[in-house]
Amino acid sequence: MYVDMNADDDELGPEREVALRDGTIRYHDAGSGPVVVFVHGALVDATLWARVVPVLVDAGLRCITPTWPLGAHRVPVPHMDLSPPGVAAVIDEFLGTLDLHDVTVVGNDTGGGLVQILLATTPRERVGRVVLTPSDSFEAFFPPRFAFLPLLAHIPGALASFAKPAARFPAINRLPVGFSALAKHPLGDDRLRRWMTPTATDRRIRADAGRFLRGVDRRHTLAAADRFGEVDLPVLLAWAVEDRVFPISLAHRIAARLPNARIAPVEDSFCFVPQDRPDRLAELIREFVRDEPAARRDPSRATQPGPAS
């Protein structure tokens, strides 16, 4: 079920893949100790976290960094439910298949919205604590600046027309409706090209991305927020104070509804805190894992690696 792959980014550790019920997920696995699992957003992959993971591994944490099927993945999943609740269920299945316990789940951008849906719609028995960086929340799923993406996904051929130039000419991604709205500091052309190429070049991946984007709707994050009062887990909101796509007011609204949440403001960053301030995010995650006991902890199993071959 698990196959070692050649990792494109040594910082993330060896690449493996796991066969879930309806498709295959590739992920990187590095380090040993308490487990941290990362959830990125739409049209990016595991490399979003490449500058955070090595610091956490050096601090004694095991970092599992999947590429979720949100448009920058390279293994098509035509039979997988890619509605937002469906992807949340895939995250839960992933944790169970790898037999992970007392997991710290870290979400960013769309991935943070999916983590909120996960908390509201699954038993949460494997999750010990949660870190949310600037994320889709409440009525901002997607936020206004990116509301065009689900519309594109409904128009035949439009997603290809958007993705192909963005993959070929990475500077396009620095327009106000591109990744420049999410990162305060410039992203390299190679990384931008990497993120956009799967949707641009593989019609099967583009079909997956379209299925996910067509399902994005604020009703999912609003429904999740209605159940925040039931979430007894420690939650850290590592939120960028300068982010205009997901303003810190969203973090205050989330914290007001969760029984055990606190806000850690992050300076000099927009939404992509893992890229803009990896040092600060790693520090916050390390301290949070050390200082916050999980509501459900199984120390004998939390540090065991999943089966691999």
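Below, each value reflects all heavy atoms present in this structure, side chains not excepted, and no hydrogens, waters or symmetry copies. Counting from 1, the numbers follow the sequence of the chain as shown.
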Would you say the side-chain atoms of Asn108 pair up with the backbone N or O of Thr133, donor to acceptor, closer than 3.5 Å?
-> no
Please round to the nearest 0.5 Å and tell me the distance separating atom OG1 of Thr24 and atom CZ of Arg16.
-> 15.5 Å
Heavy-atom side-chain contact between Trp195 and Leu48 under 4.5 Å | yes
Close side-chain approach of Asp99 and Arg126, heavy atoms under 4.5 Å = yes
Side-chain donor or acceptor of Ser83 paired with backbone N/O of Gly86 under 3.5 Å | yes
Which pair of heavy atoms, one from Gly71 and one from Pro198, lies closest together, and at what distance?
-> O-CB, 3.8 Å
Can you get from Val216 to Phe148 by hopping between Ile, Leu, Val, Met, Phe, Trp and Tyr side chains that sit under 4.5 Å apart?
-> yes
How about Thr104 and Val35: do any of their side-chain heavy atoms sit closer than 4.5 Å?
-> no
Pick out which of Asp45, Asp208, Thr199, Asp202 makes a side chain to side chain contact (heavy atoms under 4.5 Å, CB included) with His73.
-> Asp208
Does the side-chain contact (heavy atoms from CB on, under 4.5 Å) test come out yes or no for Leu281 and Trp49, once each step is laid out?
-> CA-CA 10 Å; Leu281 180 58; Trp49 311 99; 4.1 Å; yes
Yes or no on side-chain contact (heavy atoms from CB on, under 4.5 Å) for Leu119 and Phe228, after CA distance, side-chain angles and deciding distance?
-> CA-CA 8 Å; Leu119 295 179; Phe228 280 170; 5.6 Å; no
From CG (Leu236) to CD (Glu287), nearest 0.5 Å = 9.5 Å
At their closest point, which heavy atom of Gly128 faces which heavy atom of Pro234, and how far apart are they?
-> O-CD, 3.4 Å
Kindly say whether Phe38 contributes a backbone atom to a donor-acceptor pair with the side chain of Thr65 at under 3.5 angstrom?
-> no
Could you tell me whether the side chain of Leu114 reaches within less than 4.5 Å of the side chain of Phe212, counting heavy atoms only?
-> yes
Salt-bridge present (Arg74, Glu17; N to O < 4.0 Å) | no
Quick check: does any side chain N or O of Arg211 sit under 3.5 Å from a backbone N or O of Met80, one acting as donor and the other as acceptor?
-> yes
Look only at the side chain of Trp68 and the backbone of Val90, and say whether a donor-acceptor pair between them is shorter than 3.5 Å.
-> no
For the student: nearest non-hydrogen atoms of Pro84 and Gly215, plus distance = CD-O, 3.3 Å
Quick one: CG on Leu95 to CG on Leu100, what's the gap to the nearest 0.5 Å?
-> 6.0 Å
So if you build clusters from Ile, Leu, Val, Met, Phe, Trp, Tyr with side-chain heavy-atom gaps below 4.5 Å, do Ile155 and Phe162 land together?
-> no
Establish whether Ile205 and Leu20 are linked, either directly or via other cluster members, by ILVMFWY side-chain heavy-atom contacts under 4.5 Å.
-> no
Compare every heavy atom of Cys271 with every heavy atom of Pro134, then report the nearest pair and how far apart it is.
-> O-SG, 3.6 Å
Between Asp226 and Arg257, is there a side-chain N and carboxylate O pair less than 4.0 Å apart?
-> yes
Under 4.0 Å between a Lys/Arg side-chain N and an Asp/Glu carboxylate O for Asp102 and Arg129?
-> yes
Leu98 and its side chain to side chain contact (heavy atoms under 4.5 Å, CB included) partner, picked from Val103, Ile64, Ile25 = Ile64
Taking the side chain as every heavy atom from C-beta outward, state whether Asp189 and Arg191 have any atom pair closer than 4.5 Å.
-> no
State whether the side chain of Glu93 and the backbone N or O of Arg21 hold a donor-acceptor pair below 3.5 Å, judged by distance alone.
-> yes
Looking at Asp29 and Arg62, does any basic side-chain N land under 4.0 Å from a carboxylate oxygen?
-> yes
Between Glu242 and Phe270, is there a donor-acceptor pair closer than 3.5 Å when you use the side chain of the first and the backbone of the second?
-> no
ILVMFWY cluster, Ile248 and Phe272 together (side-chain gap under 4.5 Å) = yes
Under 3.5 Å: donor-acceptor pair, side chain of Glu139, backbone of Leu222 = no
Measuring from Leu118:CG to Arg124:CZ, what's the distance to the nearest 0.5 Å?
-> 8.5 Å
Flag if over 12 foreign heavy atoms under 6.0 Å of CZ, Arg218 | no
With hydrophobic residues grouped by side-chain heavy-atom distances under 4.5 Å, do Val273 and Val55 end up in a single group?
-> no
Would you give the length of the straight line joining atom CD of Glu11 to atom CZ of Arg51, rounded to the nearest 0.5 angstrom?
-> 10.0 Å
Is a donor on one side and an acceptor on the other found under 3.5 Å between the side chain of Arg214 and the backbone of Ala153?
-> yes
Of all heavy-atom pairs linking Arg277 and Ser269, the shortest is CG-CB, 3.8 Å
Is any side-chain N of the basic residue among Asp243 and Lys184 closer than 4.0 Å to the acidic one's carboxylate O?
-> no
Over all atoms of both residues, closest heavy-atom pair of Gly229 and Pro259 = O-CG, 3.5 Å
Taking the side chain as C-beta and beyond, is there a heavy-atom pair between Val77 and Asp22 under 4.5 Å?
-> no
After noting the C-alpha distance and the side-chain angles of Val37 and Tyr27, does the key distance pass the side-chain contact (heavy atoms from CB on, under 4.5 Å) rule?
-> CA-CA 10 Å; Val37 173; Tyr27 67 98; over 6 Å; no
Non-hydrogen side-chain atoms of Leu132 and Val115 separated by less than 4.5 Å | yes
Quick one: does Phe179's side chain get under 4.5 Å of Leu182's, heavy atoms only?
-> yes
d(Ser137 OG, Ile254 CD1) to nearest 0.5 Å is 3.5 Å
